[in-house]
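Please read the structure below before turning to the comments.
Every heavy atom of this structure was used, including side-chain atoms; hydrogens, water molecules and symmetry mates were not. Treat the numbers as computed from the prediction; the structure is a model and nothing was measured. Numbers restart at 1 for each chain; the letters A, B, ... are given by sequence-line order, proteins then strands.
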Protein chains: 2
Amino acid sequence: MSTEFRCSCPITSAIDMIGDKWSLVVIKNMLLYNLKTFKDLSETNEKIATNILASRLKALEAKGFITKTKPANNKKTNIYLLTDKGLSLIPIIIELAIWGDTNLNEIHTSLNRDNPIEYIKLNKEKFVGVFKDQYLEKVKAAAV
Amino acid sequence: MSTEFRCSCPITSAIDMIGDKWSLVVIKNMLLYNLKTFKDLSETNEKIATNILASRLKALEAKGFITKTKPANNKKTNIYLLTDKGLSLIPIIIELAIWGDTNLNEIHTSLNRDNPIEYIKLNKEKFVGVFKDQYLEKVKAAAV
DNA sequence: TTTATTGCTTTTATATTGCAAGTAAAATTA
DNA sequence: TAATTTTACTTGCAATATAAAAGCAATAAA
């Protein structure tokens, strides 16, 4: 499943890389809810089919956005973690969050406000770093 | 072709709205290259099929991102223009541009550098406004 | 009046996605 | 130790989306 690029435009190429229906959703769930296993990621609100999740995780690993490792004490469960390249998508995810939050309230009866998006809006640049650090900290804490 | 939302997450919902393969590409070409007609939009580097372009323009109009008007002096050609809602996608497009520019240089032999992306990076917030004003000015100038 | 262009639609083909079921290995329970 | 459950997938098939090509009506230009 190699990425085909439609042309040399960086915007179109970015969409070719991560603009499918599921890739950013999987990465968002890893980032915001610290989900790490196949099971965790298959049980989210989006209700991704297991075959799609499997293919997406494989593609994301091949593209360098996530790593797949089996911990020493557990030979069954794979742990999926975001790489630096995966974390580099945070600004895009933040803009999608802000856009969705400001534009979809009328369409949705109730938007999920688990995350303090209004607060994020006040200082976007800062929150790119905050989300990144938060994620890396949780990964580190869980590794102990 | 009504949008189905997978869940109430604003990020996932934003992807449900504009996360298909073509919508943001069409909007980008309207915004950056000031393309306004069916023919213009069908002749871009991305080589969109005409049936896909027609269905995407219809969907974007239904969702309020663009308007379709026939000018008084020309009964043949339709003019497609971005609305304020369409322009509200600029921050997302900018982040995609920055990400693509910084991450895809190794993959592409040559990325299209028509747009001064390095310069944009220095002051993102400013350029959201710059792109918007630039677009509206061109639209205004063409209307004279 | 012929010819070309625009803005599509239709048709056919291919690719992607979704759903249900199955499988194999590891872990848990009896 | 055997049976059961859990995890992480894979497989098959139907449904949907996308692509390529051709067709067509309504202007507009020659």
Does [N] have OP1 or OP2 sitting under 4.0 Å from an N or O in the side chain of [X]?
X       : N      : result
A:Lys36 : D:dA8  : no
B:Thr77 : D:dT27 : no
A:Lys39 : D:dT7  : yes
B:Asn51 : D:dA22 : no
B:Trp22 : D:dA19 : yes

Backbone N or O of [Y] within a donor-acceptor pair of the [X] side chain at under 3.5 Å?
X        : Y       : result
B:Thr83  : B:Phe65 : yes
B:Asn103 : A:Lys85 : no
B:Ser42  : B:Thr50 : no
B:Lys28  : A:Ile11 : no

Would you kindly give the [atom1]-to-[atom2] distance between [X] and [N], to the nearest whole Å?
X       : N      : atom1 : atom2 : answer
B:Glu46 : D:dA20 : CD    : P     : 14 Å
B:Ile52 : C:dT11 : CD1   : P     : 16 Å
B:Ile48 : D:dT18 : CD1   : C1'   : 10 Å
B:Lys58 : C:dC8  : NZ    : P     : 8 Å
A:Leu60 : D:dA8  : CG    : P     : 16 Å
A:Asn78 : D:dT6  : CG    : P     : 18 Å
B:Phe38 : D:dA28 : CZ    : P     : 18 Å
B:Lys21 : C:dT17 : NZ    : C1'   : 14 Å

Give me the atom names and distance for the closest heavy-atom approach of [X] to [Y].
X        : Y       : value
B:Pro10  : A:Ala97 : CB-O, 4.1 Å
B:Lys70  : B:Thr77 : CG-O, 3.9 Å
B:Gly86  : B:Ile27 : O-CG2, 4.4 Å
A:Leu104 : B:Ser13 : CD1-CB, 3.4 Å
A:Trp22  : A:Arg56 : CB-CG, 3.8 Å
B:Ile18  : B:Leu24 : O-CG, 3.7 Å

So what does [X] hit on the nucleic acid, given a heavy-atom distance under 4.0 Å: a base, only sugar-phosphate, or nothing?
X       : value
B:Lys47 : nothing
B:Asn74 : sugar-phosphate
B:Lys70 : nothing

Which atom pairs link the protein and nucleotides 13-15 of chain D when you take only N or O atoms and keep those under 3.5 Å?
none

Shorter than 3.5 Å, N or O on both sides, protein versus nucleotides 22-25 of chain C: list them out with atom names.
none

Taking the nucleotide of DNA chain C with the closest heavy atom to each, which residue, A:Ala49 or B:Asp40, is nearer the 5' end? B:Asp40

